[in-house]
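Whatever order the structure lists them in is the order used to number ligands and atoms, beginning at 1.
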Amino acid sequence: MWTKAGKALLAGCLFALGSGAVLAADADPQKQIDEIKGALPKFAIPMREVGDRFQNIYFAAKGGNWALAAYMSKYMNGAMNPAKVTKPNEYKVWQGFYEGAFAPVNKAIQAKNLKAFEGAYTAVINDCNGCHKAMGYSFIKVVKLKAPADNGVDYKVASQPGDVPP
Ligand code: HEC
């Protein structure tokens with residue numbers, strides 16, 4: 001049996017649903033787009049993932065798991081995709097970094113050249129931090145970890161860089 005309070009609650013919910021539907025139909029599409037954009041990550045959330053994947057790349061390469069290294073690099077870059085929409089100008093700087101300063105790291109992974117990789121990897125940390133400085137975040141200073149950020153995968157599975165599915 002419906003109690004009085006239950007009925008009132010149900011009526012309230014139906015009213016809220018009804019008025020929501022009316023609102024959505026009336027809403028300005030630009031405002032809705034802005035609201036969705038506002039809910040997408042900017043730089044801080046994707047950068048968390050960039051930071052972790054970047055650390056993992058090193059241990060994957062070192063362990064001869066070249067596919068994992070290539071994979072981590074690919075999705076380190078992919079993590080920044082929301083910034084294409086939320087921070088288009090800053091995203092271009094990221095894209096320039098990934099296609100420029102970071103290219104020697106990717107090249108060494110593809111060539112399975114550990115020596116070239118170590119040099120390129122160490123050097124690019126300065127570029128990560130250079131961008132932090134340029135964007136007003138000199139207090140975010142990337143340092144190389146002694147162990148991967150994520151310990152839940154095996155860094156020593158022998159693999160080829162080309163093993164990553166497209
Ligand atoms: C295009 C400029 C740019 C580049 C290149 C860049 N970063 Fe960042 N990073 C930022 C900005 C800006 C922030 C601060 C977050 C914000 O503005 O919301 C940040 C924040 C971070 C953070 C802190 C995230 C948090 O909130 O916990 C880490 C970790 C990080 N970056 C790692 C890296 C690493 C590793 C690289 C290089 C592989 C790198 N970043 C390259 C711009 C950059």
Side-chain angles (χ1 to χ4, degrees), residues 27-166:
D28 169 3
Q30 187 56 50
K31 191 172 165 254
Q32 289 186 319
I33 292 169
D34 290 345
E35 278 171 4
I36 294 167
K37 262 193 183 176
L40 285 176
K42 294 175 182 65
F43 256 53
I45 295 170
M47 271 294 159
R48 239 335 330 120
E49 187 172 336
V50 166
D52 287 356
R53 291 196 188 277
F54 178 70
Q55 299 289 344
N56 296 343
I57 289 172
Y58 181 84
F59 297 93
K62 193 97 176 150
N65 194 343
W66 292 104
L68 187 64
Y71 167 91
M72 286 293 171
S73 172
K74 179 181 174 187
Y75 288 103
M76 177 185 90
N77 185 39
M80 292 302 292
N81 281 346
K84 282 183 194 171
V85 177
T86 54
K87 292 259 174 183
N89 293 333
E90 291 85 348
Y91 180 81
K92 284 196 196 105
V93 184
W94 166 263
Q95 193 179 11
F97 162 82
Y98 189 74
E99 290 169 3
F102 204 80
V105 177
N106 285 331
K107 211 173 146 204
I109 292 171
Q110 291 305 319
K112 297 195 292 175
N113 183 338
L114 188 58
K115 196 160 177 260
F117 171 83
E118 294 225 29
Y121 187 92
T122 309
V124 89
I125 295 175
N126 280 330
D127 297 295
C128 299
N129 290 327
C131 196
H132 292 164
K133 208 169 180 181
M135 291 197 174
Y137 293 86
S138 54
F139 56 90
I140 302 180
K141 191 167 176 216
V142 175
V143 292
K144 201 189 147 309
L145 291 179
K146 291 194 169 59
D150 179 357
N151 281 306
V153 287
D154 185 346
Y155 290 85
K156 294 195 171 101
V157 176
S159 67
Q160 302 300 320
D163 291 348
V164 183

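Counting only heavy atoms from C-beta outward, the side chains of Val93 and Asn89 never approach each other to under 4.5 Å. Between Asp150 and Gln55, every side-chain heavy-atom pair lies at or beyond the 4.5 Å cut-off.
A donor-acceptor pair is defined here as one N or O able to donate and one able to accept, closer than 3.5 Å; no such pair exists between the side chain of Asn56 and the backbone of Pro148.
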Show the short N or O contacts, below 3.5 Å, that ligand 1 makes with protein N or O atoms; if there are none, say 'none'.
unit_1, atom_1, unit_2, atom_2, d
ligand 1, 7 (N), His132, NE2, 2.8
ligand 1, 9 (N), His132, NE2, 2.8
ligand 1, 17 (O), Tyr137, OH, 3.1
ligand 1, 18 (O), Ala44, N, 3.1
ligand 1, 27 (O), Arg48, NH1, 2.8
ligand 1, 31 (N), His132, NE2, 2.8
ligand 1, 40 (N), His132, NE2, 2.8

Review item, side-chain donor-acceptor pairs of residues 119-128, under 3.5 Å, at least two apart:
unit_1, atom_1, unit_2, atom_2, d
Tyr121, OH, Phe54, O, 2.6
Thr122, OG1, Glu118, O, 2.7

Review item, side-chain donor-acceptor pairs of residues 63-77, under 3.5 Å, at least two apart:
unit_1, atom_1, unit_2, atom_2, d
Asn65, OD1, Leu68, N, 3.2
Asn65, OD1, Ser159, OG, 2.6
Asn65, ND2, Asp154, O, 3.2
Ser73, OG, Tyr98, OH, 2.6
Ser73, OG, Asn106, OD1, 2.6
Lys74, NZ, Pro165, O, 3.3
Asn77, OD1, Trp94, NE1, 2.8

Review item, side-chain donor-acceptor pairs of residues 42-49, under 3.5 Å, at least two apart:
unit_1, atom_1, unit_2, atom_2, d
Arg48, NH2, Asp52, OD1, 3.2
Glu49, OE2, Arg53, NE, 2.9
Glu49, OE2, Arg53, NH2, 3.0

